[in-house]
Amino acid sequence: MKKTMQLILLMMLVTAGLTAIFEGAEQALLLVVMTGFTGQGYQIMCAAHDHPEEDEIRSRKLKAVEIFTAVCGFISFYWLNSVGLNVGIGLCLIFYCVGMKYMKEGTAAA
């Protein structure tokens with residue numbers, strides 16, 4: 001699961017680069033910021049998987065990452081026709097689905 005999440009993060013960076021080339025710097029900057037927050041979510045998810053006993057603090061941090069990602073998703077409605085931005089948001093959604101499954105595996109094992 002970790003490798004899958006890392007691959008999705010890499011795909012988000014590639015999407016941001018291609019978006020900068022073909023669509024514009026504003027959309028690419030939003031994708032880079034979303035990738036950064038998703039990377040932070042990755043670190044929180046991995047820590048929660050490895051040490052589920054410290055769950056309360058991490059859940060608040062993860063909730064902040066999720067809220068910011070949702071805000072970025074709403075900001076993206078400004079660029080409805082931006083294929084790169086829509087792909088990036090889709091990758092972010094896939095990342096969180098995979099990450100939540102990964103975290104549940106960690107709590108089930110503990």
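Side chains included, hydrogens not; waters and symmetry mates left out as well; all remaining heavy atoms used.
- Follow the hydrophobic side-chain contacts under 4.5 Å out from V98 and you reach L7 in the same cluster.
- When hydrophobic clusters are built by joining Ile, Leu, Val, Met, Phe, Trp and Tyr residues whose side-chain heavy atoms come closer than 4.5 Å, directly or via intermediates, L91 is not grouped with L18.
- The heavy-atom pair separating G99 from M5 by the smallest distance is CA-SD, 3.5 Å.
- The CD1 atom of I94 sits 10.5 Å away from the CE atom of M12 when rounded to the nearest 0.5 Å.
- Under the 4.5 Å side-chain heavy-atom criterion for Ile, Leu, Val, Met, Phe, Trp and Tyr, F37 and L93 are members of distinct hydrophobic clusters.
- Contact detail for V83 and E23: the closest heavy-atom pair is N-OE2, 3.2 Å.
- Each of L9, I8, V33 was evaluated against T38; a single residue qualifies, L9, per the side-chain contact (heavy atoms from CB on, under 4.5 Å) test.
- Note that the CZ atom of F68 and the CE atom of M34 stand 8.5 Å from one another [nearest 0.5 Å].
- In this structure, A28 and T19 approach most closely via the heavy-atom pair N-CG2, 3.8 Å.
- Hydrophobic cluster membership differs between I89 and V32, with clusters built from Ile, Leu, Val, Met, Phe, Trp and Tyr side chains linked at under 4.5 angstrom.
- Cluster annotation: M11 is connected to F95 through the hydrophobic network of ILVMFWY side chains, with a link wherever side-chain heavy atoms come within less than 4.5 Å.
- The nearest pair of heavy atoms linking G88 to L31 is CA-CD2, 3.5 Å.
- Among residues two or more places apart in sequence or in another chain, the side chain to side chain contact (heavy atoms under 4.5 Å, CB included) test is passed with L62 by I44, M45, E66, Y96, M100, M103.
- Taking both residues in full, the closest heavy atoms of G84 and T15 are given as O-CG2, 3.3 Å, listed atom of the first, atom of the second, then distance.
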Practice task
Show your working on side-chain contact (heavy atoms from CB on, under 4.5 Å) between V65 and K61 and close with a plain yes or no.
Solution key: CA-CA 6 Å; V65 170; K61 287 181 181 179; 5.8 Å; no

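- Side-chain contact check for Y102 versus C46: some heavy-atom pair is nearer than 4.5 Å.
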